[in-house]
Visitor: 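Here it is, the structure in full.
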Amino acid sequence: MQGRPIPTKPGAPAAFPPPPGWTPLPISVCMMVQNEEANLPLSLGAAHGWVDDLVVLDGGSSDATLEVARRYTSRVFERPFERDFAAQKNAASALALHDWVLVLDADEYLEPGAWTFLAGLIRDAFRGRDAYAFPRMTRTVDGRFYRWANYYPNF
């Protein structure tokens, strides 16, 4: 994987910038989106710089979703959404550059501690596992993040 150009765009605003000297992880973060211009700065900004492949698959947005996504990555694709979430997520994953894929919704993001946890898994060759679940935080319909009840941890 060394020597591969980093598809994420330099200078894009990072929500939680990685520490100095951080080497972007060889993991593909894939998002299927539609009309998510309000959520993308946080979700893509929280991944920007932590991984070396950000993939956005748009299902036919009528807002500025594509423009916002292109601030963070050159790997923005379009595919009509035909009301089949599994097919759309599989299509997004098929665009990934890496074998390890993290699929996030536009209203989800990882905090810095999660990226360092993933870096440890990579160092340990993913401990021989094929998949992982870990806590994530989801923004609710009222725009807030909750750390209680059924909202967190959301695996």
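Bear in mind the structure is a predicted one, so any value in this text is a computation, not a measurement. Values below: all heavy atoms of this structure, side chains included; hydrogens, waters and symmetry mates excluded.
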Visitor: Would Asp53 and Trp100 count as a side-chain contact (heavy atoms from CB on, under 4.5 Å) if you check the C-alpha gap in whole Å, the side-chain angles of each, and the deciding distance to 0.1 Å?
Guide: CA-CA 11 Å; Asp53 186 31; Trp100 280 91; over 6 Å; no

Visitor: Hey, are the side chains of Leu44 and Arg71 touching, using non-hydrogen atoms and a 4.5 Å cut-off?
Guide: no

Visitor: Between Pro18 and His48, which heavy-atom pair has the shortest distance, and what is it?
Guide: CD-O, 4.0 Å

Visitor: To check you understand the geometry: which heavy-atom pair defines the closest contact between Tyr72 and Leu54, and what is its length?
Guide: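 Heavy atoms only, the tightest pair is O-CD1, 4.0 Å.
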
Visitor: Can you see which heavy atom on Val55 is nearest to which on Ala92, and at what distance?
Guide: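 Of all heavy-atom pairs spanning Val55 and Ala92, the closest is CG1-O, 3.9 Å.
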
Visitor: Can you see which heavy atom on Trp50 is nearest to which on Pro19, and at what distance?
Guide: CH2-CD, 3.5 Å

Visitor: When you group the ILVMFWY residues by side-chain heavy-atom contacts below 4.5 Å and let the links chain together, are Val101 and Phe85 in the same group?
Guide: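 Hydrophobic grouping puts Phe85 apart from Val101.
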
Visitor: Treating Ile, Leu, Val, Met, Phe, Trp and Tyr as nodes and any side-chain heavy-atom pair under 4.5 angstrom as an edge, say whether Ile27 and Leu95 lie in one connected cluster.
Guide: no

Visitor: What about Met32 and Leu110, same hydrophobic cluster or not, with Ile/Leu/Val/Met/Phe/Trp/Tyr joined at side-chain heavy-atom distances under 4.5 Å?
Guide: no

Visitor: Search all heavy atoms of Ser61 against all heavy atoms of Asn35 and return the closest pair with its distance.
Guide: OG-N, 2.7 Å

Visitor: Count I, L, V, M, F, W, Y as connected when their side-chain heavy atoms are under 4.5 Å apart, and connections chain through other members. Are Leu25 and Phe117 then in the same cluster?
Guide: yes

Visitor: Heavy atoms only: give me the nearest Tyr109-Ala46 pair and the separation to one decimal.
Guide: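 Closest heavy-atom pair between Tyr109 and Ala46: CB-CB, 3.7 Å.
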
Visitor: side-chain contact (heavy atoms from CB on, under 4.5 Å) between Leu118 and Val51: does it pass, once the steps are laid out?
Guide: CA-CA 10 Å; Leu118 287 172; Val51 298; over 6 Å; no

Visitor: For the CD atom of Glu36 and the CG atom of Asp58, what is their distance to the nearest 0.5 Å?
Guide: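 The distance works out to 9.5 Å.
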
Visitor: Look up atom OG1 in Thr73 and atom CG in Leu40, then write down how far apart they are to the nearest 0.5 Å.
Guide: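 That separation rounds to 11.5 Å.
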
Visitor: Under 4.5 Å between side-chain heavy atoms, hopping through other hydrophobics if needed: is there a path connecting Phe81 to Val56?
Guide: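 Hydrophobic grouping puts Phe81 apart from Val56.
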
Visitor: Given the rule in the side-chain contact (heavy atoms from CB on, under 4.5 Å) test, do Leu66 and Glu78 qualify, once you have shown the distances and angles that lead to the verdict?
Guide: CA-CA 9 Å; Leu66 292 169; Glu78 297 178 69; 3.7 Å; yes

Visitor: Using 0.5 Å steps for rounding, measure from the NZ atom of Lys89 to the CG atom of Asp105.
Guide: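 Rounded to the nearest 0.5 Å, the NZ-CG separation comes out at 4.0 Å.
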
Visitor: I'd like to know if the side chain of Thr65 reaches the main chain of Gln34, judged simply by a donor and an acceptor atom lying under 3.5 Å from each other, with no hydrogens or angles considered.
Guide: no

Visitor: So does His98 get a backbone contact from the side chain of Ser28, meaning a donor-acceptor N/O pair under 3.5 Å?
Guide: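 Yes; judged by distance alone, with no hydrogens or angles, the pair exists.
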
Visitor: Show, in sequence, the C-alpha distance, side-chain angles and deciding distance for Leu97 and Arg75, and conclude whether the side-chain contact (heavy atoms from CB on, under 4.5 Å) test is met.
Guide: CA-CA 10 Å; Leu97 295 176; Arg75 300 199 11 92; 3.8 Å; yes

Visitor: Do the non-hydrogen side-chain atoms of Leu57 and Cys30 ever get within less than 4.5 Å of each other?
Guide: no

